Amino acid sequence: MFCTIFGFPLGGILLAKSSKGLSFAEYVNSHDQLKKVMESFKRRDFSIEFDRKKFHLEEELFSLYFKGKREDFTSLPLDFLSGTPYQKKVWLEARKIPYGKTETYKSLACKLNHKGYRSVGQALSKNPLLIIIPCHRVLSSDGGLRGFGAGLEVKDFLLRLEKGEVSA
DNA sequence: TACATAAGAATAG
DNA sequence: CTATTCTTATGTA
């Protein structure tokens, strides 16, 4: 598995991919966090190899995205190495949310298990593919930001970016 | 309107 | 089984 770090205005994103596609895109803003993520990879028995050259496409897409382009990452091959079947369903559903649009946990839940809105949040909190799976476009039913594991600032930033209020 | 609380789905330990 | 989570609905003031 290969990985690299992509820097953006609020920190960095650790990208990791297998031979099949992108597997992780985790937010890191400190050396400590990076270390933590790497530890968890190690524990999962992944062989890590830094190789920036493997991420031409990803870097391209991310830099376009942070420039405010309507980049959906829908063409990016993904490879889910973690996650339960339910989580994958949630992630796939969240991924269908178009750029700039927002869904609510409830509406997502209705499409999946009918009333497990809380479990939707739980599943999204374990989203391994920040931005690519636009969990930041999922808001609470009154339109407000609820919690965000990777940091509310990131969620807020991403939303503002998509609304064109930020030029990165 | 604001705050406390119950309910309810799925997962990790 | 219990705790936790990117929730929602309801009751009370």
Side-chain angles (χ1 to χ4, degrees), chain A residues 1 5-6 8-16 18 22-30 32-46 48 58 61-62 65-66 68 70-74 76 78-166 168:
Chain A
M1 138 166 309
I5 302 278
F6 185 88
F8 79 112
L10 288 185
I13 300 175
L14 173 66
L15 266 34
S18 69
L22 200 61
S23 301
F24 296 99
E26 305 223 25
Y27 172 66
V28 291
N29 61 7
S30 69
D32 240 30
Q33 271 190 41
L34 176 59
K35 212 170 107 186
K36 224 171 106 191
V37 175
M38 296 307 276
E39 287 294 320
S40 77
F41 280 161
K42 263 190 188 167
R43 265 195 306 114
R44 274 188 263 188
D45 219 21
F46 291 151
I48 306 294
E58 287 79 1
L61 291 178
F62 270 99
Y65 178 82
F66 286 120
R70 301 183 140 249
E71 188 49 63
D72 275 315
F73 300 97
T74 47
L76 212 54
L78 304 182
D79 182 22
F80 294 102
L81 294 182
S82 71
T84 63
Y86 176 73
Q87 285 167 354
K88 286 177 195 172
K89 271 199 306 187
V90 175
W91 296 338
L92 265 314
E93 198 61 42
R95 212 179 156 215
K96 291 188 203 159
I97 304 174
Y99 189 103
K101 197 187 168 191
T102 56
E103 279 282 353
T104 66
Y105 295 99
K106 188 181 182 177
S107 65
L108 267 188
C110 283
K111 298 178 192 165
L112 296 167
N113 63 354
H114 199 44
K115 48 179 156 194
Y117 35 75
R118 205 163 183 187
S119 52
V120 172
Q122 189 271 149
L124 289 176
S125 77
K126 295 180 59 194
N127 169 19
L129 293 165
L130 188 64
I131 298 173
I132 294 156
I133 293 172
C135 50
H136 55 277
R137 292 181 197 143
V138 184
L139 309 178
S140 55
S141 61
D142 60 348
L145 311 197
R146 219 45 181 189
F148 193 57
L152 280 170
E153 322 150 319
V154 182
K155 185 168 187 172
D156 185 52
F157 170 78
L158 294 173
L159 286 172
R160 280 189 325 208
L161 177 66
E162 300 196 352
K163 279 190 285 184
E165 295 175 14
V166 154

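Remember, predicted model here, so these are calculated numbers, not experimental data. Chain letters run A, B, ... following the sequence lines, proteins first, then strands; residues in each count from 1.
Taking only side-chain nitrogens and oxygens, S140(A) never comes nearer than 4.0 Å to OP1 or OP2 of dT7(C). Using a 4.0 Å cut-off, no side-chain N or O of S119(A) falls inside it from OP1 or OP2 of dA10(B). A close approach under 4.0 Å does not occur between any side-chain nitrogen or oxygen of K126(A) and OP1 or OP2 of dC6(C).
Taking the six-membered ring where the residue is Trp, the centroids of F6(A) and F62(A) are separated by under 6.0 Å. The aromatic ring centroids of F73(A) and Y65(A) lie less than 6.0 Å from each other.
With rounding to whole Å, Y105(A) atom OH is found 14 Å from dA9(C) atom P. A straight line from OH of Y86(A) to P of dA10(B) spans 6 Å, rounded to a whole angstrom. Straight-line distance from the CG atom of L112(A) to the P atom of dT11(B): 12 Å, rounded to whole Å. Here the P atom of nucleotide dC6(C) and the CD atom of Q87(A) are 12 Å apart, to the nearest Å. As rounded to whole Å, 6 Å separates atom P of dA9(C) from atom OH of Y117(A). For the pair E103(A) CD and dT7(C) P, the interatomic distance rounds to 16 Å; values are reported in whole Å. In this entry the distance linking NZ of K106(A) with P of dT10(C) reads 9 Å, nearest Å. To the nearest angstrom, C1' of dC6(C) lies 12 Å from CG of L159(A).
The pair K111(A)-E103(A) counts as a salt bridge, with a side-chain nitrogen and a carboxylate oxygen less than 4.0 angstrom apart.
Looking at S30(A) and D32(A), their side chains never bring a donor and an acceptor atom within 3.5 Å of each other. Between S119(A) and Y86(A), the side chains place a donor N or O and an acceptor N or O closer than 3.5 Å (distance only, hydrogens not considered).
Sorted by first and then second residue, the salt bridge (charged side-chain N to carboxylate O under 4.0 Å, His left out) pairs involving residues 123-132 of chain A (not counting sequence neighbours) form an empty list.
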Q. Could you spell out the base pairing of DNA chain B in dot-bracket, with Watson-Crick or G-U pairs whose two distances are under 3.5 Å, [ ] crossing and | to another strand?
A. |||||||.|||||
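Residue-environment remark: NZ (K36(A)) stays at or below the threshold of 12 foreign heavy atoms within 6.0 Å.
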